[in-house]
Amino acid sequence: MTDQSPKTPGEVEQFREELLRCWRAMPGKALFFALLAAWVALFHFLGNSTLGYKNTSSLFGWMEYAYSMSQDDAHGRLIPFVVLALLWWKRAELLAAPKRNWWPAITMLFVAILIHIVGYMVQQARISIVALFVGLYALLGMVWGPRFLLVTFFPIFLFGFCLPVGTLAETITFPLRLVATNITAMFSHGALGINVIQDGTRIFDANGTYQYEIAAACSGIRSLTATFAIAIIYAFVMFKTGWRRLVMTAAAVPLAVAANVLRLTTIIVAAEAFGQKAGNFVHENSWLSLMPYVPAIGGILLIGHWLRENKRPRVPNRQPALAGAKQEL
């Protein structure tokens, strides 16, 4: 006899079935996507007024231009997929949330429109990007209610990483460059015995055999953004209490600085031992450029273990014998 046991569906088929189940269980889809289409059309046709840099009226076209101009902003293309993945991960909570049309959210939509008008008038597309995602969040509340807004706050919050830093990078990165340079110089001189001289954000040895300018590209803005995003995702996925989430998020900044110091120290050690070319190799090698993420992610996991919530169920106290129960003599 041949085995007639039914074959289990593949992972793709299971995903398709689960997607269809969730799609059918969501009410108000037609209203939401109609409002979303109108909202997207607004920012496509009247989203960008800075035509001198990118000749397009579409805010999405300007965002793609900004991402292509700076590697520090290229992660913005990936954020929508991260948001969708987190919404999918929270699908059970989203489906369980009570849903109703909640028209007070239209106030938030009007605020988003006003923000966009300001950004359009002063030719600041970044302000319009904020308006785009605030309005998207408002549409969720209008169609599915306040509870749905509460559940989706964290995934929608991640859209903030779609905001291109661009020319604002210098304002953000200079303090990071200075802190990383100070710590690297002190650690190299005090702990490693390497006699380096610091001049602002420039480090060189006493003999002048090598020197490095801690430029904006080396300031750690990229590792800071990645570490900050990973810390936020970890905090909201693993923790329920607000103070734990806040501690994990705040830890991203010192972790990113420490990771950048490690990379700069490695460059100095290589240059001290083998010369400027060796330091340049460590600085420019794409694989070695991933090194800062090792201590950063390791630090996130270590802090997460330290902050872990006690998931052991409480053992209820034994109840005393019922009053009036028969007692054996």
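Given the structure is predicted, the values throughout are model-derived calculations rather than measurements.
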Inset, instruction - Using the six-membered ring wherever Trp is involved, compare the ring planes of Trp23 and Phe33 and label them parallel, tilted or perpendicular (cut-offs 30° and 60°). - result: tilted
Inset, instruction - Classify the ring geometry between His75 and Phe161 as parallel (under 30°), tilted (30 to 60°) or perpendicular (over 60°). - result: perpendicular
Any link between [X] and [Y] through a network of hydrophobic side chains (Ile, Leu, Val, Met, Phe, Trp, Tyr) touching at under 4.5 Å?
X: Phe157; Y: Leu86; result: yes
X: Leu109; Y: Ile115; result: no
X: Val122; Y: Ile113; result: no
X: Ile127; Y: Ile117; result: no
X: Leu163; Y: Val118; result: no

Inset, instruction - Flag yes if more than 12 heavy atoms outside Trp306 fall under 6.0 Å of its CH2 atom; otherwise flag no. - result: no
Legend entry - Heavy-atom neighbours of Met26 CE exceed 12 at 6.0 Å: yes
Legend entry - Centroid separation Phe43 to His116 less than 6.0 Å: yes
Legend entry - Phe32 ring center within less than 6.0 Å of Trp144 ring center: yes
Separation of [Y] [atom2] from [X] [atom1] (nearest 0.5 Å):
X: Leu158; Y: Phe133; atom1: CG; atom2: CZ; result: 11.0 Å
X: Ile230; Y: Leu301; atom1: CD1; atom2: CG; result: 9.5 Å
X: Phe187; Y: Leu264; atom1: CZ; atom2: CG; result: 12.0 Å
X: Asn260; Y: Ile183; atom1: CG; atom2: CD1; result: 9.5 Å
X: Gln198; Y: Met186; atom1: CD; atom2: CE; result: 8.0 Å

Inset, instruction - Could you verify whether a donor N or O on one side chain and an acceptor N or O on the other, from Arg263 and Thr266, lie under 3.5 Å apart? - result: no
Legend entry - Phe154 and its ring pair (Phe, Tyr, Trp, His ring centres under 6.0 Å) partner, picked from Phe159, Phe239, Phe236, Tyr137: Phe236
For the residue pair [X] and [Y], establish whether any side-chain heavy-atom pair is separated by less than 4.5 Å.
X: Leu87; Y: Arg91; value: no
X: Leu255; Y: Ile303; value: yes
X: Trp102; Y: Met142; value: no
X: Trp89; Y: Pro155; value: no
X: Ser68; Y: Arg77; value: yes
X: Leu59; Y: His44; value: no
X: Ile203; Y: Ile197; value: no
X: Trp243; Y: Leu307; value: yes

Legend entry - Verdict with reasoning, Leu149 to Leu140, per side chain to side chain contact (heavy atoms under 4.5 Å, CB included): CA-CA 7 Å; Leu149 283 181; Leu140 294 174; 4.1 Å; yes
Would the distance check show the side chain of [X] and the main-chain N or O of [Y] forming a donor-acceptor pair, the cut-off being under 3.5 Å?
X: Lys99; Y: Leu95; value: yes
X: Asp73; Y: Val165; value: yes
X: Asn101; Y: Val143; value: yes
X: Ser128; Y: Gly119; value: no
X: Asn182; Y: Leu178; value: yes
X: Asn48; Y: Thr56; value: yes
X: Thr184; Y: Thr181; value: no
X: Arg100; Y: Gly145; value: no
X: Trp39; Y: Leu139; value: no
X: Tyr234; Y: Thr249; value: no

Inset, instruction - Indicate yes or no: does Lys54 engage Glu64 in a salt bridge with an N to O separation below 4.0 Å. - result: no
Inset, instruction - List the steps, then state whether side chain to side chain contact (heavy atoms under 4.5 Å, CB included) holds for Ser58 with Phe45. - result: CA-CA 5 Å; Ser58 172; Phe45 294 106; over 6 Å; no
Inset, instruction - Carefully, step by step, assess Leu132 and Leu42 under the rule side chain to side chain contact (heavy atoms under 4.5 Å, CB included). - result: CA-CA 9 Å; Leu132 170 67; Leu42 170 65; over 6 Å; no
Closest contact, heavy atoms only, [X] versus [Y]:
X: Arg126; Y: Pro164; value: NE-O, 2.8 Å
X: Pro295; Y: Leu262; value: CG-CD2, 3.7 Å
X: Gly279; Y: Ile267; value: O-CG2, 3.6 Å
X: Ala231; Y: Ala252; value: CB-CB, 3.9 Å
X: Glu272; Y: Ile194; value: OE1-CG2, 3.6 Å
X: Gly76; Y: Pro80; value: O-CD, 3.4 Å

Inset, instruction - Tell me who clusters with Leu150, hydrophobic residues only, linked when side chains sit under 4.5 Å apart either directly or through other members. - result: none
Legend entry - Linked hydrophobic residues, Phe15 as query - side chain contacts closer than 4.5 Å: Leu19, Trp88
Legend entry - Partner residues of Arg16 under the salt bridge (charged side-chain N to carboxylate O under 4.0 Å, His left out) criterion, sequence neighbours left out: Glu13
Inset, instruction - Report the C-alpha distance between Phe281 and Lys277 in whole Å, list the side-chain angles of each, state the deciding distance to 0.1 Å, and finish with yes or no for side chain to side chain contact (heavy atoms under 4.5 Å, CB included). - result: CA-CA 6 Å; Phe281 174 79; Lys277 289 184 178 180; over 6 Å; no
